[in-house]
Amino acid sequence: MNKPVQAIDTHSVMFITQRPEVIMVEGKGSWITDNNGKRYLDFLQGWAVNCLGHSNPGMVAALNVQAKKLINPSPAFYNEPMIGLSNLLTSNSCFDKVFFANSGAEANEGAIKLARKWGQINKNGAFEIITFEHSFHGRTLATMSASGKPGWDTMFAPQVAGFPKAELNDLESVKKLVTDKTVAVMIEPIQGEGGVIPSTKEFMHELRKLTKENNILLIADEVQAGCGRTGSLFAYQLYGIEPDIMTLGKGIGGGVPLAALMASNAVACFVPGDQGGTYNGNPLMTAVGISVIEQLLAPGFLDSVKAKGELLKSELLKLSAEFNLEGERGEGLLRALMLGKDIGGKLVELARDRNPEGLLINSPRPNLLRFMPALNVSEDEIHQMANMLRELLKQTA
Ligand SMILES: *Cc1c(COP(=O)(O)O)cnc(C)c1O
């Protein structure tokens, strides 16, 4: 703890974001340690990615075994983990087919292409995909165009065309945008980067009904909310609806680059040449994905996520009452504390810089904090986090 702070030379790292002057060197479970030996309680987990915490033993074992066996046969061949994970995902969801990619954005690109292809075959070339204000679907040009992040419409203009934006939880705003060119609606069941905003049950049901009646596909972007994050294996299951296409990312790899595009048989219309990618179905990554999904499906695991979500919720509500804040929202272990004023960024820094142990949280909007701990976070760690935050809220009060 008292080791001198080492100067770090970062001149060759392309500047894309402001990073603190530390290097993260190791992690275990809910804790990550920097080059000065300082420990941080990690309620970010790589942005809801490390669903089983840092260096989960099952994942490490899967990586080791597969690395010794076969790392890359090329995507021109089947491999065992690719088939195993596809079967695991389809047998535990309403989907029939899986294509693996490396990132959420890439899975969403695949979903956009698949919907447009389906539109060419079945809907007279319909290609428009209705998305939502404040949604986030990734950082490729098409997924940035699909996203409803303020300012992104002009950032790398011109955008990819064909993504009209509706308002979340407002069916009329969707209806207004439906034309004979509409092929799909793409939605995050819970908007993550937008500030943890759940779609209502009623809205999801009406949206499913509207899309069915108009022969429009429903695409669920579950890159953040899927894979156990909400306490249900997939977020759409919370709503009791079945989308036609779903994308997964983040949690599915538990920290390694893995994502998935899933579709029903009726929609999976790619033919050879339409879709690919050098690392698609890479056995090293899919082997880890199997370990992750098997651990999420272990008896009692998802129930424990729900229980810990309730605990986190009650701790956040306590803080809200103590400091006169504006409550909390979310589902399972994807939650936000509404601050009522724009102190999110300041709290994130104070939390990180506190001593002797830091706390990692995030503020996707200045007036709220987001929490996305490991799904196997302990009750004690949730209490520790709340106590650290309590102390910081006192400081800023
Ligand atoms: C993070 C995220 C993405 C993008 O995933 P990347 O792996 O960063 O490309 C897409 N959609 C949602 C809902 C996300 O949260």
Side-chain angles (χ1 to χ4, degrees), residues 16-17 43-51 99-115 129-150 152 155-156 160 163 165-166 168 184-199 204 218-230 232 234-236 238-239 243 245-262 277-280 282 285-286 288-289 292 330-336 362-365 368 370-373 375:
I16 55 140
T17 187
F43 269 55
L44 277 183
Q45 290 290 357
W47 263 249
V49 171
N50 313 326
C51 57
F99 171 82
F100 293 111
N102 314 294
S103 68
E106 204 189 339
N108 283 337
E109 284 272 343
I112 292 163
K113 284 167 62 178
L114 186 62
I129 299 178
I130 298 171
T131 59
F132 292 88
E133 297 292 349
H134 301 291
S135 64
F136 180 83
H137 298 294
R139 289 180 173 278
T140 61
L141 266 180
T143 55
M144 280 185 85
S145 306
S147 299
K149 242 176 126 97
W152 275 22
M155 202 186 265
F156 299 107
V160 175
F163 297 100
K165 306 286 181 307
L168 192 71
V185 175
M186 178 150 89
I187 186 167
E188 294 165 85
I190 301 173
Q191 286 190 346
E193 300 308 303
V196 192
I197 307 171
S199 310
M204 276 296 229
L218 183 62
I219 305 172
D221 176 350
E222 296 214 13
V223 171
Q224 187 158 151
C227 297
R229 180 64 36 197
T230 63
S232 148
F234 302 115
Y236 77 81
L238 288 174
Y239 292 89
I245 296 174
M246 174 171 75
T247 54
L248 300 173
K250 299 202 164 99
I252 189 180
V256 303
L258 179 65
L261 160 64
M262 301 180 66
T278 300
Y279 297 113
N280 82 79
N282 176 282
M285 301 308 140
T286 45
V288 176
V292 169
E331 201 61 64
L333 285 171
L334 179 60
R335 313 205 77 92
N362 156 260
S363 175
R365 285 192 185 191
L368 60 87
R370 179 173 45 166
F371 307 85
M372 29 194 176
L375 303 182

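We count ligands from 1, going down the list as the structure has it; atoms in each ligand are counted the same way. Remember, it's a predicted structure, so these values are computed and weren't measured experimentally.
No side-chain heavy atom of Val288 sits under 4.5 Å from any side-chain heavy atom of Leu258. In this structure, the side chains of Cys51 and Gln45 stay at 4.5 Å or more apart for every pair of heavy atoms. Residues Phe136 and Asp221 have side chains not in contact (no heavy-atom distance under 4.5 Å, counting atoms from C-beta outward). Between Ile187 and Met204, some side-chain heavy-atom pair lies under the 4.5 Å cut-off. Arg370 places none of its side-chain heavy atoms less than 4.5 Å from the side chain of Arg365.
Not a single N or O atom of Val223, backbone or side chain, sits closer than 3.5 Å to an N or O atom of ligand 1. Any N or O atom pair closer than 3.5 Å counts here, and Glu188 shares no such pair with ligand 1.
Contacts with ligand 1 closer than 4.0 Å are made by side-chain heavy atoms of Asn108 only, the backbone lying farther away. Looking at Trp47 against ligand 1, nothing comes within 4.0 Å, counting heavy atoms. Counting heavy atoms closer than 4.0 Å to ligand 1, residue Lys250 contributes side-chain atoms (C-beta onward) but none from N, CA, C or O. In His137, the part holding a heavy atom less than 4.0 Å from any atom of ligand 1 is the backbone.
Scanning the protein heavy atoms around atom 6 (P) of ligand 1, the nearest turns out to be Gly104 N, 3.4 Å. The protein atom (non-hydrogen) at minimum distance from atom 11 (N) of ligand 1 is Asp221 OD2, 2.8 Å. Closest to atom 9 (O) of ligand 1, if we only count protein heavy atoms, is Ala105 N, 2.8 Å. Among protein heavy atoms, the minimum distance from atom 12 (C) of ligand 1 is reached at Phe136 O, 3.3 Å.
Of all the atoms in ligand 1, the ones that sit under 4.0 Å from a non-hydrogen atom of Ser103 are 7 (O), 9 (O). Here is the list of ligand 1 atoms found below 4.0 Å of a heavy atom in Gln224: 15 (O).
In this structure, Arg335 contributes its side chain and Met372 its backbone to no donor-acceptor pair below 3.5 Å. Although no hydrogens or angles enter the test, the distance criterion places no donor-acceptor pair under 3.5 Å between the side chain of Tyr279 and the main chain of Met285. Judged purely by atom type and a 3.5 angstrom limit, Thr247 has no side-chain atom pairing as donor or acceptor with the backbone of Leu261.
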